[in-house]
Amino acid sequence: MQRLSFELLEDLSSGILLKPAIADLRTFMFESARRRRGLLPVKVAAVTGSAGKTTVKEILGHLLKGAFISPANQNTKLALALQILRLPEEQSTAVFEIGARRLGDFQTPLSYVRPDVVTLLNIGRAHVGEFGSLENLILEKLSPLSFESVHTLVIPAEDDRITKHARAQGKSLITFGTNPAADIELIRESADGVYLKIRKESVFIECPFRGPQKGLNIAAAIATVVALGVPVQDITRRLTGFRGVERRFQAFNWQSRLAIDDAFNASPESMREGLRHLLTQTKNMKILLVLGTMLELGSSSESEHRKLGTYIGAVFSETIAAGLLTLITVDAEARFLTEDNATGLPKERIHHFATALEAKATVESLAKQADVVYFKASKGIQLNKIFSS
């Protein structure tokens, strides 16, 4: 952990801290953040879930003018405590992204973020290896819904696990999704925006950016805005300048070809969504897939990679049959994608490499024969070393 002087801690907390009589600086920071939060009248939304947190949080940053939005990739306990200590006294609204990687992770940050609204986007299998079991993961992901400070829950209408648990909490609910019964119903999405029904009133939200789950992420953000009491008519045109989140299905020009960097994180769910969305954008195009290992899946890693290989073979069957798909896998676990010829790709269209740097020359060469290059893996595989100079 980065060293922090006591003088800096005093500055961060606007002078409200007393010299600690405890040795554990982390505990001191958490206690200071709880004390500080008690002095702030700010209305807080916490965004959590297995996938989409950062995108929804950044969308909220465009929708909620003047709100504090937690910085990108700073959702750890200590980072969140520092954000609470830095919040101005006059701040009226704040949005925090809160993540969990093991059982009990939510308890500490919730104690000082003290959200009024919790938005739970989904429950997937990301980090299941660190949780020890899928049951532990589900238990932890549901835990913020019962936190004492929360009065409104924003949840997906289609997930029965979440809706059943949420209803049992006795709190106000706002649902989002494609279900016609959802409070914020996603009707359809296009390259230019999304069509929603907001409590039965039809609304078009202009938002010209790419990305899987674009419509659901916008619906979740709108639901969070409603939960915070902001009139919807005040926000319908605020996403016109939003261009997505860095390294989340981010399109750029590389090797004079369209490239898409979606390699900030990866789970079985986000892999499938990314690939499905890619297919909708690349009809009759030559595709080079550069896929790396999904980390932190524990004992299910091999089976999940094999399942993904089968998924690629099914979803891209026509593309494969037309000879338009080439696959490069990076890292040992990613090799399971092509075990037992799960994808149906001919051997000459499959290439394996141990690291991103070892793959670089081949990717550069094959990119010249493709129309689009798609990068997807967990951040630890460092696929960005391939396209970064």
Side-chain angles (χ1 to χ4, degrees), residues 50-51 122 124-126 128-129 134 210-214 216 248-249 251 257-356 358-359 362-363 365-378 380-381 383 386:
S50 295
N122 44 54
R125 300 180 66 90
V128 67
L134 182 59
R210 301 171 183 251
Q213 301 285 3
K214 169 181 170 177
L216 285 175
R248 271 79 166 184
F249 214 86
R257 297 291 186 273
L258 170 65
I260 299 172
D261 178 13
D262 200 14
F264 184 80
N265 54 33
S267 65
E269 294 81 13
S270 69
M271 277 283 200
R272 289 179 173 84
E273 284 299 327
L275 290 166
R276 181 195 62 79
H277 188 68
L278 174 71
L279 185 60
T280 67
Q281 307 291 307
T282 55
K283 186 176 182 180
N284 299 322
M285 296 174 69
K286 294 180 180 178
I287 304 168
L288 175 59
L289 293 181
V290 185
L291 305 180
T293 295
M294 300 176 285
L295 298 173
E296 300 169 355
L297 292 177
S299 60
S300 64
S301 181
E302 179 179 339
S303 65
E304 291 295 345
H305 284 88
R306 288 178 180 272
K307 289 176 186 176
L308 183 61
T310 302
Y311 178 84
I312 292 170
V315 171
F316 288 89
S317 58
E318 293 183 9
T319 308
I320 292 169
L324 298 176
L325 185 71
T326 300
L327 172 63
I328 292 177
T329 61
V330 179
D331 191 65
E333 296 292 293
R335 290 183 66 97
F336 291 119
L337 290 170
T338 58
E339 288 288 308
D340 303 321
N341 197 30
T343 63
L345 277 163
K347 289 183 179 180
E348 62 269 21
R349 290 190 172 272
I350 298 173
H351 307 268
H352 301 284
F353 295 93
T355 68
E358 290 179 20
T362 299
V363 175
S365 176
L366 292 176
K368 297 174 183 177
Q369 306 166 35
D371 298 313
V372 58
V373 186
Y374 178 69
F375 298 92
K376 181 72 172 173
S378 290
I381 306 303
L383 291 188
I386 296 173

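No donor-acceptor distance shorter than 3.5 angstrom exists from the side chain of Asp262 to the backbone of Lys376, with no hydrogens or angles considered. A side-chain donor-acceptor contact under 3.5 Å links Asp261 to the backbone of Ala263. Looking at Ser301, its side chain never comes within 3.5 Å of a backbone N or O of Leu297 through a donor-acceptor pair.
The CG atom of Asn284 lies 9.5 Å from the CD atom of Glu318; values are rounded to the nearest 0.5 Å. How far OG1 of Thr338 is from CZ of Arg349: 15.0 Å, rounded to the nearest 0.5 Å. Summarising the geometry, atom CD1 belonging to Ile328 is positioned 6.0 Å from atom OG1 belonging to Thr362; distances are rounded to the nearest 0.5 Å. For the atom pair NZ of Lys283 and CG of Leu324, the computed distance is 12.5 Å after rounding to the nearest 0.5 Å. The distance from the CD atom of Gln213 to the CZ atom of Arg276 is 6.5 Å, given to the nearest 0.5 Å. One finds the OG1 atom of Thr343 at 8.0 Å from the CG atom of Leu325 (value rounded to the nearest 0.5 Å).
Taking the ring pair (Phe, Tyr, Trp, His ring centres under 6.0 Å) definition, one finds that His277 meets it with Phe249, sequence neighbours left out. Contacts of Thr293 classified as side-chain contact (heavy atoms from CB on, under 4.5 Å), with partners at least two apart in sequence or in another chain: Leu295, His305, Asp331, Glu333, Ala334, Ile381.
When each of Ile320, Val373, Leu327, Thr319 is paired with Ile287, the side-chain contact (heavy atoms from CB on, under 4.5 Å) condition holds for Thr319 and for no other.
Two residues are said to be in side-chain contact when any heavy atoms from C-beta on lie closer than 4.5 Å; Leu308 and Leu275 meet this criterion. The side-chain heavy atoms of Ile312 and Leu291, taken from C-beta on, include a pair separated by under 4.5 Å. Contact check for Leu366 versus Gln369: side-chain heavy atoms found under the 4.5 Å cut-off. Under the 4.5 Å side-chain criterion, counting only non-hydrogen atoms from C-beta, Arg272 is in contact with Lys307.
Across every non-hydrogen atom of Val330 and Ala359, the tightest pair is CG2-CB, 4.0 Å. Across all non-hydrogen atoms, the minimal contact from Leu288 to Val363 is CD2-O, 3.9 Å. The two residues Ala377 and Ala266 make their nearest non-hydrogen contact at C-CB, 3.4 Å.
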Could you walk me through whether Arg306 and Glu302 pass the salt bridge (Lys or Arg N to Asp or Glu O under 4.0 Å) test, one step at a time?
CA-CA 6 Å; Arg306 288 178 180 272; Glu302 179 179 339; 3.0 Å; yes

Could you please spell out the steps behind the side chain to side chain contact (heavy atoms under 4.5 Å, CB included) verdict for Asn265 and Arg248?
CA-CA 8 Å; Asn265 54 33; Arg248 271 79 166 184; 4.1 Å; yes

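Remark: the Ser267 side chain and the Ser270 side chain contain an N/O donor-acceptor pair separated by less than 3.5 Å.
Annotation: Glu358, atom CD; neighbour count of heavy atoms from other residues, nucleotides and ligands within 6.0 Å is above 12.
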